[in-house]
Amino acid sequence: MVNVLFVCLGNICRSPMAESVFREVVRQKGYSGSFEIDSAGTAGYHIGKQPDRRTLEVLEDRGLYTTHRGQKIDAELLEWADHIAVMDEANFENVHNFLHKELKRPPEPEKLFLIRDFDPEVRGVQEVPDPYYESKEAFEEVYVLLERSSEALLEHLIDLHGLEPDPDDEEE
Ligand code: 4NP
């Protein structure tokens, strides 16, 4: 099993969306049996809360539903994760420092990276911008970035781990 954790600041806008989008991409390609997928925030403002209404709407418009509740990163979650895909530089630094302290050495690039390292259309800043104080359109843009990046991330992880599709998974 390959464990993937998506991380943003509050775990109510970007990372729960990333979790749902990646889970759907994995399902469509027939790899559900190979992955455990979760998300968390570096801050604890929204622990136990459901995702932001705009994240839920963007997902629901595409037939995706989530039961995720906000959680904050901790040693157990970061150890559980084989791969930690972070939305922006500030949160990357935060997780990097946390892991460095826990592991007593810097995390490997395969363990901790920015999700947009995998965006084939990235230009300049490799971040998923924080949409929290923005309009619904900003959430739509986040979705587009996440979908592109998730597809490329999955291809990378299939190669890295030598994964085979599960014949019982439904492909669409
Ligand atoms: P997220 O967005 O990190 O994508 O979940 C935010 C959610 C909440 C806050 C900031 C960003 N906040 O300040 O409460």
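The structure displayed is predicted, hence computed values, not measured ones. Each ligand, and each atom within it, is numbered from 1 in the order the structure gives.
In summary, the side chains of His161 and His83 do present a donor paired with an acceptor at a separation below 3.5 Å, with no hydrogens or angles considered.
The residues lining ligand 1, counting any heavy atom closer than 4.0 Å, are Cys8, Leu9, Gly10, Asn11, Ile12, Cys13, Arg14, Tyr45, His46, Asp130, Tyr132, Tyr133.
Evaluation of the ring-ring contact (aromatic ring centres under 6.0 Å, His included) test over residues 33-53, restricted to residues two or more places apart or in two chains, returns Phe22-Phe35.
Here Ser39 pairs with Phe6, Asn11, Ser15, Pro16, Glu19, His68 under the side chain to side chain contact (heavy atoms under 4.5 Å, CB included) rule; sequence neighbours left out.
Of all non-hydrogen atoms in Glu140 and Arg62, the two that sit nearest each other are OE1-NH2, 2.9 Å.
Hydrophobic cluster of Phe98: the remaining members, joined at side-chain heavy-atom separations below 4.5 Å, are Leu5, Val7, Ile73, Leu77, Leu78, Trp80, Ile84, Val86, Phe92, Val95, Leu99, Leu103, Leu112, Leu114, listed by chain and number.
For the pair Arg27 and Glu24, the salt-bridge criterion is met [side-chain N within less than 4.0 Å of a carboxylate O].
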